[in-house]
Every structure is written in structure tokens, then in C-alpha cells.
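To start, the structure itself, in C-alpha cells.
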Amino acid sequence: MIAKFYRTIGDRKAMKEALRTYLSSAQLDEEMTVQLLRLYAEDGETSLFCKQYERYANLLETELGLKPSDEIRELGASIIST
């Protein structure tokens, strides 16, 4: 909800911080991870994107034995390949 507020007022920096804070305690929340990854991608923050992507993918594999969703993998492929 807070991230949505920051998106509404156009404060991308605050939105990223709100998402990072939330994800520090809900690390496997895919919806919020996608939002943060999209922000990084849109803002050209490739290294932050890669770090977040790897952190999420590794945690998902370690904790649940799963791979990221198709949406996240496609987003990752589009950023990492550029």
C-alpha cells in the first residue's frame, strides 16, 4: 500500500525503499519482488536488478526448491542479456 502511494505521487526512490524494506521480512513475495525488479529495470539500475534477481532466485531454490516464475525469468533474461 505504501509502495502504491509512492508510485501515485511519483516518488520512485521512496517506492524502491519501501519495497526493499518490505522484502527484508517477506523475501519470497513474488508480486513485490516483480515490482522492485521492474523499477530497477525501468531506471537502468542493472547491478541492483541483478543482485535482487539472484537473491530472490537463490532463496526460492534454497527454501522451496523452485525456480522463479516465467515472468521473473523473462524479465531477468531481458535485462541480463543487454
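Atoms considered below: every heavy atom in the structure, side chains included; atoms not considered: hydrogens, waters and symmetry mates. Model, not experiment: these values are computed from the prediction.
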Rounded to the nearest 0.5 Å, the CG atom of Leu48 sits from the CZ atom of Arg20 at a distance of 7.0 Å
Side chain to side chain donor-acceptor pair (under 3.5 Å) filter on Asn58, not counting sequence neighbours, yields none
Sorted by chain and number, sequence neighbours left out, side chain to side chain contact (heavy atoms under 4.5 Å, CB included) with Phe49 holds for Leu37, Tyr40, Ala41, Tyr53, Leu75, Ile79
Sorted by chain and number, sequence neighbours left out, side chain to side chain donor-acceptor pair (under 3.5 Å) with Gln52 holds for Arg55
CG of Leu59 to CG of Leu64, rounded to nearest 0.5 Å, is 7.5 Å
CD1 (Ile72) and CG (Leu60) are apart, to the nearest 0.5 Å, by 8.0 Å
Contacts of Glu54 meeting salt bridge (charged side-chain N to carboxylate O under 4.0 Å, His left out) (sequence neighbours excluded), chain-then-number -> none
With heavy-atom distances below 4.5 Å as the criterion, would you say the side chains of Tyr6 and Lys13 are in contact?
no
In terms of heavy-atom contacts, Ala14 and Asp11 come closest through N-OD1, 3.0 Å
Let's go through Leu39 and Arg7 carefully: what are the C-alpha distance in whole Å and the side-chain angles of both, what is the deciding distance for side chain to side chain contact (heavy atoms under 4.5 Å, CB included) to 0.1 Å, and is it a yes or a no? CA-CA 10 Å; Leu39 283 169; Arg7 181 179 291 278; 4.2 Å; yes
Smallest heavy-atom separation, Arg73 atom then Pro68 atom, equals NE-O, 2.8 Å
Worksheet item: Considering only heavy atoms from C-beta outward, does the side chain of Met32 approach that of Leu36 to under 4.5 Å?
Response: no
Applying side chain to side chain donor-acceptor pair (under 3.5 Å) to Glu61 and not counting sequence neighbours gives none
Tyr22 meets the side chain to side chain donor-acceptor pair (under 3.5 Å) criterion, sequence neighbours left out, with Asp29
The complete set of salt bridge (charged side-chain N to carboxylate O under 4.0 Å, His left out) pairs with one or both residues in residues 31-46, sequence neighbours excluded, reads Arg12-Glu42, Arg12-Asp43, Lys16-Asp43, Lys16-Glu45, Arg38-Glu71
